[in-house]
Amino acid sequence: MTWVIQQSWDSTRTVRLKPGQTEATGIYYVPGYFRAKLIVDKKIIKEHDLFIKSNGWMATIDNNPDPPTYVKKEELLMDHGMSITNSVLAKIKAIERPTTLTYHLVRPFDGLHSDNFTLETNFQIPGAKDLQFVRRPGSSSFAQMGAFIIPFTIPGCVSDINLLLADRTWEGKSNDLSVFGIDPSQRIDLRLEVKNRHVKNMVQWPITKRRILL
């Protein structure tokens, strides 16, 4: 009989239990909402939710499968949008394998429910054409019972991205996600509107307004 604790949706993040073991610990390296599972012989026996908040905005550099590198508060520039210091940028450029810089803000949003909400955001990466590592900017929103992950990438690489809206996924390899192929050096304004558990509008503005129909 095999006993395993799966820490989140990621099936590779597991803690294997020994016979007679009554306690087990694990590490969550980034904030978020997680649903841990006790699995016995590949069958889920029990689930437990964990809500790990961030202390305001924070940023991490992916080192998968190793723990991430945490961007220091003084290296995270928040005066006019979100950006990083040149020293952090130099660290990212020095990484030879593909990596990801992620910004996190995880806290209770009182009165906000994923059944009905509107998300508006924008991003731009000046000089992105000269940065070979810029491939997948995007926006992610997490709720208790699901997530909204809106990916972008450079044109020609949309086959490698997946769009997740709550409990439904569109894979780039079997769906036309070419509308998410963008030039990250241009400003992208994104608006996602959910009403009564249905995505009513997803609109992005590169130069001309484009409505994304799902």
Side-chain angles (χ1 to χ4, degrees), residues 1-71 99-119 121 136-152 160-175 177 180 190 192-200 202 214:
M1 184 175 292
T2 303
W3 293 64
V4 170
I5 293 177
Q6 182 176 314
Q7 292 184 239
S8 66
W9 58 269
D10 186 352
S11 59
T12 65
R13 301 286 299 173
T14 60
V15 177
R16 187 156 184 167
L17 305 180
K18 299 177 181 179
Q21 184 175 346
T22 59
E23 294 184 7
T25 62
I27 299 176
Y28 292 82
Y29 293 103
V30 295
Y33 198 96
F34 306 96
R35 177 159 292 166
K37 301 175 177 63
L38 175 62
I39 302 175
V40 179
D41 290 340
K42 299 183 179 180
K43 182 179 179 181
I44 298 175
I45 301 300
K46 189 174 182 180
E47 295 182 320
H48 180 72
D49 291 352
L50 297 96
F51 184 36
I52 303 175
K53 295 176 285 187
S54 63
N55 183 18
W57 280 101
M58 60 175 289
T60 57
I61 302 171
D62 173 49
N63 293 318
N64 192 46
D66 297 324
T69 298
Y70 298 96
V71 177
T99 189
T100 303
L101 170 68
T102 305
Y103 295 93
H104 310 262
L105 176 62
V106 181
R107 64 173 178 82
F109 290 86
D110 297 333
L112 180 64
H113 299 278
S114 59
D115 293 352
N116 295 278
F117 75 95
T118 300
L119 168 68
T121 187
R136 298 183 186 176
S139 173
S140 302
S141 301
F142 297 91
Q144 183 174 357
M145 299 300 293
F148 297 81
I149 300 179
I150 305 171
F152 291 93
D160 287 340
I161 63 175
N162 298 318
L163 171 67
L164 174 63
L165 299 177
D167 58 352
R168 186 175 176 187
T169 301
W170 288 262
E171 296 182 355
K173 296 191 181 302
S174 54
N175 293 273
L177 300 182
F180 295 99
L190 177 68
L192 171 66
E193 182 181 357
V194 178
K195 286 188 176 181
N196 298 322
R197 299 187 180 183
H198 290 84
V199 175
K200 292 297 184 180
M202 187 189 298
L214 301 172

Tell me which donor-acceptor pairs under 3.5 Å the side chains of residues 56-67 have, and how far apart each pair is, sequence neighbours excluded?
from	atom 1	to	atom 2	distance (Å)
T60	OG1	H104	NE2	2.8
D62	OD1	N64	N	3.0
N63	OD1	R97	NH2	3.3
N63	ND2	P67	O	3.1
N63	ND2	T69	OG1	2.8

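- Relative ring orientation between F51 and Y33 is described as tilted, the plane-to-plane angle lying within the 30° to 60° band.
- Among residues two or more places apart in sequence or in another chain, the side chain to side chain contact (heavy atoms under 4.5 Å, CB included) test is passed with I44 by K37, I39, E47.
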Would you please test K173 and D160 for salt bridge (Lys or Arg N to Asp or Glu O under 4.0 Å) and show each step?
CA-CA 7 Å; K173 296 191 181 302; D160 287 340; 3.4 Å; yes
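- A search for salt bridge (Lys or Arg N to Asp or Glu O under 4.0 Å) contacts involving R107 returns nothing, not counting sequence neighbours.
- Heavy atoms only, all atoms of each residue included: V30 and P68 are closest at CG1-CG, 4.3 Å.
- Judged as a side chain to side chain contact (heavy atoms under 4.5 Å, CB included), and not counting sequence neighbours, the contacts of Q21 are L17, K18, A24.
- Counting only distance, with no hydrogens or angles, the side chain of Q7 and the backbone of I27 share a donor-acceptor pair below 3.5 Å.
- The backbone N or O of L190 sits nowhere less than 3.5 Å from a side-chain atom of T121 that would complete a donor-acceptor pair.
- Contact of the F180 side chain with the L163 side chain is registered, since non-hydrogen atoms from C-beta on lie closer than 4.5 Å.
- Rounded to the nearest 0.5 Å, atoms NZ (K42) and OG1 (T2) are 8.5 Å apart.
- Partners of Y29 under the ring pair (Phe, Tyr, Trp, His ring centres under 6.0 Å) rule, at least two apart in sequence or in another chain, do not exist in this structure.
- Here the closest heavy-atom approach between residue I150 and residue L192 is recorded as CD1-CD2, 3.9 Å.
- Of all the heavy atoms in I149 and P151, the pair that sits closest is O-CD, 3.4 Å.
- Legend: residues meeting side chain to side chain donor-acceptor pair (under 3.5 Å) with D41, ordered by chain and number and at least two apart, are absent.
- Applying the salt bridge (Lys or Arg N to Asp or Glu O under 4.0 Å) criterion to K53, with sequence neighbours excluded, gives no partner residue.
- When side chains are defined from C-beta on, I161 does not count as touching F152, because their heavy atoms never get closer than 4.5 Å.
- Interatomic distance, OG1 of T118 versus CD of E193, reported as 4.5 Å (0.5 Å rounding).
- A search for side chain to side chain donor-acceptor pair (under 3.5 Å) contacts involving S174 returns nothing, not counting sequence neighbours.
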Working for side chain to side chain contact (heavy atoms under 4.5 Å, CB included), residues W170 and L165:
CA-CA 9 Å; W170 288 262; L165 299 177; 3.7 Å; yes
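- Rounded to the nearest 0.5 Å, atoms CG (L38) and CH2 (W3) are 6.0 Å apart.
- Shown here are the side chain to side chain contact (heavy atoms under 4.5 Å, CB included) partners of N196, two or more places apart in sequence or in another chain: N116.
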Start with the C-alpha distance between L101 and V71, add both sets of side-chain angles, then the distance that settles side chain to side chain contact (heavy atoms under 4.5 Å, CB included), and finish with yes or no.
CA-CA 9 Å; L101 170 68; V71 177; 4.2 Å; yes
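- Applying the side chain to side chain contact (heavy atoms under 4.5 Å, CB included) criterion to N55, with sequence neighbours excluded, gives no partner residue.
- A donor-acceptor pair under 3.5 Å is formed between the side chain of S8 and the backbone N or O of D10.
- In terms of the ring pair (Phe, Tyr, Trp, His ring centres under 6.0 Å) criterion, residue partners of Y28 (sequence neighbours excluded) are, by chain and number, F34.
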